[in-house]
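Working notes for the structure below.
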Amino acid sequence: QVQLQESGPGLVKPSQTLSLTCTVSGGSITTNYYYWSWIRQPPGKGLEWMGAIAYSGSTYYSPSLKSRTSISRDTSKNQFTLQLSSVTPEDTAVYYCARTVVTATLRPYDYWGQGTHVTVSS
């Protein structure tokens, strides 16, 4: 079974860069034809897709976050990483990584990490 786990600091100061890593086990991040996404949920709000990196290494970003978001990967460690720059308290949220099946419409995310809380505060 595929398992994903987020890791990184739970507290980030305003104007700094938020960095999170998703470690994947039970499947390779280079396997056709999966994509690996970052999704977040601010308190009291809905889920927001942030971006993804494909099995090929190509990246895709939400238009609203594209200017501040960077997703990369380390295939030797089977990990992919989120970097969100110039953070503000509005970026406080639970951050999830998930496997994405692009061709699916009924269940586009088949595996999720447990989520990690990130607070932006001075």
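Here the structure is a predicted model, which is why all the values come from computation and not from measurement. Numbering of residues begins at 1 and proceeds along the displayed sequence.
- Using a 4.5 Å cut-off on side-chain heavy atoms (C-beta onward), L65 and R40 make contact.
- Between the side chain of T69 and the main chain of K66, no donor-acceptor pair closer than 3.5 Å is present.
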Checklist entry - Would D91 and R68 count as a side chain to side chain contact (heavy atoms under 4.5 Å, CB included) if you check the C-alpha gap in whole Å, the side-chain angles of each, and the deciding distance to 0.1 Å? => result CA-CA 11 Å; D91 294 310; R68 299 194 292 133; 3.0 Å; yes
Per-pair distances, 0.1 Å, donor-acceptor, side chain in residues 98-110, under 3.5 Å, sequence neighbours excluded:
residue, atom, partner, partner atom, Å
R99, NE, D110, OD1, 3.1
R99, NE, D110, OD2, 3.2
R99, NH2, D110, OD2, 2.6
T100, OG1, S37, OG, 2.6

Item to check | Residues E48, S64; criterion side chain to side chain contact (heavy atoms under 4.5 Å, CB included); working and verdict | outcome: CA-CA 10 Å; E48 179 185 21; S64 63; 3.7 Å; yes
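- Counting heavy atoms from C-beta outward, R73 and T81 have side chains that stay 4.5 Å or more apart.
- Taking both residues in full, the closest heavy atoms of E6 and C97 are given as OE2-N, 2.9 Å, listed atom of the first, atom of the second, then distance.
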Checklist entry - Taking it one step at a time, do W36 and Y55 satisfy ring pair (Phe, Tyr, Trp, His ring centres under 6.0 Å)? => result CA-CA 8 Å; W36 305 87; Y55 61 95; over 10 Å; no
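- A single hydrophobic cluster is not seen to contain both Y95 and W49; linkage of ILVMFWY side chains at heavy-atom distances under 4.5 Å, directly or through other members, places them apart.
- Under the 4.5 Å side-chain contact rule for hydrophobic residues, I71 and L4 share a cluster.
- Clustering ILVMFWY residues whenever any of their side-chain heavy atoms sit less than 4.5 angstrom apart, transitively, puts Y60 in the very cluster that holds I39.
- The side-chain heavy atoms of S28 and N78, taken from C-beta on, include a pair separated by under 4.5 Å.
- The hydrophobic clustering, which links ILVMFWY residues whose side-chain heavy atoms are closer than 4.5 Å, places V118 and M50 together.
- Distance OH/Y34 to OG/S56: 15.0 Å, rounded to 0.5 Å.
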Next on the checklist: Run the side chain to side chain donor-acceptor pair (under 3.5 Å) test on T119 and S121 for me, step by step, so that the C-alpha distance in whole Å, both residues' side-chain angles and the decisive distance to 0.1 Å come before the verdict.
Outcome noted: CA-CA 6 Å; T119 299; S121 176; over 6 Å; no
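- Residues satisfying the ring pair (Phe, Tyr, Trp, His ring centres under 6.0 Å) criterion with Y96, sequence neighbours excluded, are W112.
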Quiz: residues 11-24 side-chain donor-acceptor pairs under 3.5 angstrom, not counting sequence neighbours:
residue, atom, partner, partner atom, Å
Q16, OE1, K13, N, 3.3
T23, OG1, Q79, NE2, 3.0

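- S70 approaches Y61 most closely through the heavy-atom pair CA-OH, 3.6 Å.
- Proximity of a side-chain donor or acceptor of S62 to a complementary backbone N or O of G51 within less than 3.5 Å is not detected.
- Residue T92 holds its OG1 atom at 13.5 Å from CD of Q41, rounded to the nearest 0.5 Å.
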